[in-house]
Amino acid sequence: MRMKKATAFGLAALMAATMIPAVPAMAKGDDSEGSVYYLNFKPEQADQWSDLAKKYTDETGVPVTVVTAASGTYESTLKSEMAKDEVPTLFQVNGPVGLASWKDYCYDLKDSDVYKNVESDDFVLKDDSGAVDGIAYVIETYGLIYNKALLKKYCEMDGAVIKSADEINNFETLKKVADDIQAKKDDLGVDGAFTSAGFDSSSDWRFKTHLANLPIYYEYKEDGITSTDAIKGTYLDNFKNLFDLYITDSTCEPSLLSSKTIDDANAEFGLGEAVFYQNGTWAYDNIKDNEVADEDMGMLPIYIGVDGEEDQGLCTGSENYWCVNKKADEKDIQATLDFLSWVITSDEGRESISQEMGFTTPFKTFDENYESTNPLVKAANEYVKAGKTPVSWNFTTMPSEEWKNQVGSAMLEYAQGTGEWDAVKTAFVDGWAKEYKAANEG
C-alpha cells in the first residue's frame with residue numbers, strides 16, 4: 001500500500017513541476033454577452049475551477065476560461081497575462097501590499113452582488129474613497145496539522161511526557177513532546193516528529209511567510225498596531241526556537257532541506273511518517289485518501305513561547321481577494337460579475353466551493369447546508385467555539401516579495417549550518433525597513 005501511495009505522490013510532484021500556464025484557449029460558447037478569463041492562484045483547486053467554469057458555460061453559453069499559475073509564480077504570471085490582448089477579467093491579490101501593484105486595474109465592486117453578500121467589511125479591501133477593490137472569497141486557517149492516531153500511540157508509550165494531545169497548549173510542552181517523539185521515532189514507527197521543512201519554492205512560503213507571521217503578530221499586538229514601516233523583531237528568538245524544532249526533530253537531515261518540496265512534506269504526513277506538519281486547511285486535498293484517516297487529522301496552534309499562548313487559536317485569515325479587471329471590455333466585466341454572483345448563489349457554485357474545494361467563505365449565501373466537510377476546517381471551527389483567540393494574518397503587511405526571499409534564504413543557510421541566526425535577524429529587521437522604503441518611495 002505504501003508503495004502505491006508513494007507512487008501517487010510522485011506523480012503529483014511531476015504534475016506540479018510541469019504545470020505552467022499557457023496562452024489561454026478561450027472557452028467555447030456565445031461570447032456576444034462577454035466572456036470570463038479567471039487567472040487562478042491556487043493550483044490545488046485547478047481542476048475544480050475548470051469543472052465549475054464548464055458547468056457555467058453549459059448553463060449560460062458564456063465562455064469561462066480558467067488558467068492556473070504554477071505554485072510561487074502568480075505575480076509574474078499575472079504581469080505576463082496583463083500584457084496580452086486577452087487579459088484576465090478576474091484575478092487575485094494577496095492583501096493590501098499586493099493590491100498596491102494592481103490598484104489601477106481594480107473595478108469598484110461596491111454595487112456588485114458579491115459585495116452585497118459578504119458578511120463583513122473585514123473581508124474587503126477598500127480605498128480611502130470607499131471603493132471596493134477586492135473581496136476575499138475564502139477564509140483559511142493554518143497551524144500544526146497532526147496525526148491523532150500516532151500522537152495517541154505515543155501517549156500510550158512508557159515514559160511519554162503527556163497523556164493526551166489536549167496537554168499541548170504551549171511551546172514548552174510542544175518541545176518536550178517533539179523531542180521525545182524524535183528520540184523514540186523507531187519505536188513509534190515514524191521518521192521524525194515533523195515533516196521536512198523544505199525550502200524549494202513550493203514549500204518555503206510555509207516558513208518565510210506563514211511561520212514568520214507569528215513574531216509579527218505578537219509584535220503588532222504588543223505595540224497596538226496593524227502595520228509598520230520598521231519591524232523591531234521583538235519575538236525573533238521565539239521564532240528561532242520553533243524553527244529549531246522543525247529542523248532538528250525532522251524526517252530528514254538539515255543538509256537536505258534546500259531540495260525538499262511540498263510534495264515531500266505531503267507524502268511524509270500522508271503516509272504516517274511524521275506526527276506534525278505545519279500547513280493549512282487547504283492541504284487536505286493533498287494528504288487525504290492515504291494512511292491517515294480523516295478522523296485522525298487534527299490541528300494545533302503554532303506555539304512559540306509567548307505569555308498567555310494557552311489561549312491562542314489557529315492562524316486565520318485570507319490572502320485570496322477577487323479583483324475584477326476594470327481595463328477589460330465592459331461586456332467582459334459584466335460577464336465576470338455575473339459569473340461571480342452565480343458562484344456564490346447557485347447550488348452548483350456553492351457545492352463546488354464548500355464541498356469539492358473545501359473552502360470556508362465569508363458570504364451570507366453559504367448557510368449550514370454548505371458547510372465544508374474538510375476535517376481540518378472542522379478542527380479550526382472547534383478552536384473558535386472554544387473561545388480561543390485566532391492569530392490574524394499579518395503577513396499581508398510584509399513589505400515585499402524580496403523581503404520574504406531574503407528572510408527565507410537566511411533561514412535556509414542557518415538550517416544548513418552555512419549561516420548564523422544573526423543573518424535572519426538582519427534580513428527580518430533591516431530588510432523590512434529597506435523594502436518598505438523602496439515600496440513607498442514617491
Side-chain angles (χ1 to χ4, degrees), residues 38-45 48-49 68-69 71-72 74-75 78 90-103 106 109-110 112 114-127 132-143 205-206 209-214 216-217 220 226-227 278-285 299 301-302 313-324 340 343-344 349-350 352-354 357-366 370-372 374 376-381 383-384 388-398 401 404:
Y38 179 30
L39 185 60
N40 172 41
F41 173 81
K42 299 174 77 62
E44 58 268 35
Q45 274 81 37
Q48 292 96 327
W49 274 115
T68 298
S71 180
Y74 190 82
E75 193 70 11
L78 181 57
L90 179 63
F91 63 98
Q92 295 175 223
V93 298
N94 66 355
V97 173
L99 176 65
S101 299
W102 298 102
K103 182 172 174 49
C106 294
L109 298 169
K110 69 176 181 296
S112 68
V114 177
Y115 178 63
K116 291 174 183 176
N117 279 299
V118 76
E119 291 178 347
S120 165
D121 275 358
D122 290 342
F123 308 113
V124 170
L125 297 176
K126 278 188 173 183
D127 67 13
V132 177
D133 292 325
I135 299 174
Y137 69 89
V138 54
I139 305 303
E140 296 178 306
T141 297
Y142 69 92
W205 48 268
R206 294 190 292 134
T209 302
H210 285 184
L211 182 58
N213 182 70
L214 273 296
I216 297 170
Y217 166 76
Y220 282 7
T226 57
S227 65
Q278 186 204 298
N279 212 331
T281 49
W282 55 86
Y284 172 62
D285 279 347
M299 290 187 83
I302 299 176
L314 301 171
C315 303
T316 300
S318 183
E319 62 169 346
N320 296 280
Y321 291 83
W322 275 331
C323 301
V324 173
L340 290 179
V343 166
I344 68 163
R350 290 181 292 175
S352 178
I353 292 288
S354 64
M357 300 187 200
F359 290 163
T360 297
T361 76
F363 301 113
K364 302 171 186 175
T365 52
F366 287 76
Y370 295 99
E371 291 181 352
S372 174
N374 182 335
L376 300 179
V377 170
K378 292 181 178 180
N381 290 339
Y383 280 91
V384 176
K388 301 298 183 181
T389 303
V391 172
S392 56
W393 284 20
N394 300 106
F395 58 78
T396 57
T397 67
M398 290 173 176
E401 194 66 28
K404 298 178 191 178

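Please read all numbers here as calculations on a predicted model, not as lab measurements.
Using a 4.5 Å heavy-atom threshold, the side chains of Pro301 and Tyr383 count as touching. Using a 4.5 Å heavy-atom threshold, the side chains of Trp49 and Ile353 count as touching. Taking 4.5 Å as the limit, every side-chain heavy atom of Glu119 sits out of range of all side-chain heavy atoms of Ile139. Proximity of His210 to Gln278: side-chain heavy atoms (C-beta onward) are separated by under 4.5 Å at one or more points. Looking at Tyr74 and Asn94, their side chains never come closer than 4.5 Å, going by heavy atoms from C-beta outward. Val324 places a side-chain heavy atom less than 4.5 Å from the side chain of Leu340. Side-chain atoms of Cys315 and Trp393, non-hydrogen and from C-beta on, do get closer than 4.5 Å to each other. A heavy-atom distance below 4.5 Å is found between the side chains of Gln92 and Tyr38.
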Check the pair Ile344, Thr361 against side chain to side chain contact (heavy atoms under 4.5 Å, CB included), reporting the backbone distance first and the verdict last.
CA-CA 9 Å; Ile344 68 163; Thr361 76; over 6 Å; no
Test side chain to side chain contact (heavy atoms under 4.5 Å, CB included) on Cys106 and Leu99 and set out the steps.
CA-CA 9 Å; Cys106 294; Leu99 176 65; 3.6 Å; yes
How far apart are the C-alpha atoms of Ser318 and Glu140, what are their side-chain angles, what is the distance that settles it, and do they pass the side chain to side chain contact (heavy atoms under 4.5 Å, CB included) test?
CA-CA 6 Å; Ser318 183; Glu140 296 178 306; 5.8 Å; no
Can you check side chain to side chain contact (heavy atoms under 4.5 Å, CB included) on Phe395 and Glu319, steps first, answer last?
CA-CA 9 Å; Phe395 58 78; Glu319 62 169 346; 3.5 Å; yes
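Ring planes of Trp322 and Phe363: parallel class, angle under 30° (limits at 30 and 60°).
Heavy atoms only, all atoms of each residue included: Tyr115 and Leu109 are closest at CB-O, 3.2 Å. Taking each heavy atom of Cys323 and Val93 in turn, the nearest pair found is SG-CG2, 3.7 Å. Across all non-hydrogen atoms, the minimal contact from Thr397 to Ser227 is CG2-CB, 4.2 Å. A pairwise comparison of heavy atoms in Leu214 and Ile302 identifies CD1-O, 3.8 Å as the closest pair. Nearest heavy-atom pair across Gly313 and Val391 is O-CG2, 4.0 Å. Heavy-atom minimum distance, Gln48 versus Ser352: O-OG, 4.2 Å.
The CH2 atom of Trp102 sits 15.5 Å away from atom CG of Leu125, with the distance rounded to the nearest 0.5 Å. Remark: Phe366 CZ to Glu371 CD distance equals 12.0 Å, nearest 0.5 Å. Taking CG of Asn374 as the start and OG of Ser354 as the end, the distance is 11.0 Å to the nearest 0.5 Å. Remark: Asn40 CG to Thr68 OG1 distance equals 4.0 Å, nearest 0.5 Å. The line from CG of Leu376 to CG of Asn381 is 11.0 Å long, rounded to the nearest 0.5 Å. How far OG1 of Thr281 is from CE of Met299: 6.5 Å, rounded to the nearest 0.5 Å.
For the pair Asn213 (side chain) and Asn394 (backbone), a donor-acceptor distance under 3.5 Å is present. Within the 3.5 Å criterion, the main-chain N or O of Thr141 finds no donor-acceptor partner in the side chain of Thr316. Between the side chain of Asn279 and the backbone N or O of Tyr284 there is no donor-acceptor pair closer than 3.5 Å.
Among residues two or more places apart in sequence or in another chain, the side-chain hydrogen bond (donor to acceptor under 3.5 Å, both in side chains) test is passed with Lys103 by Asp127, Asp133.
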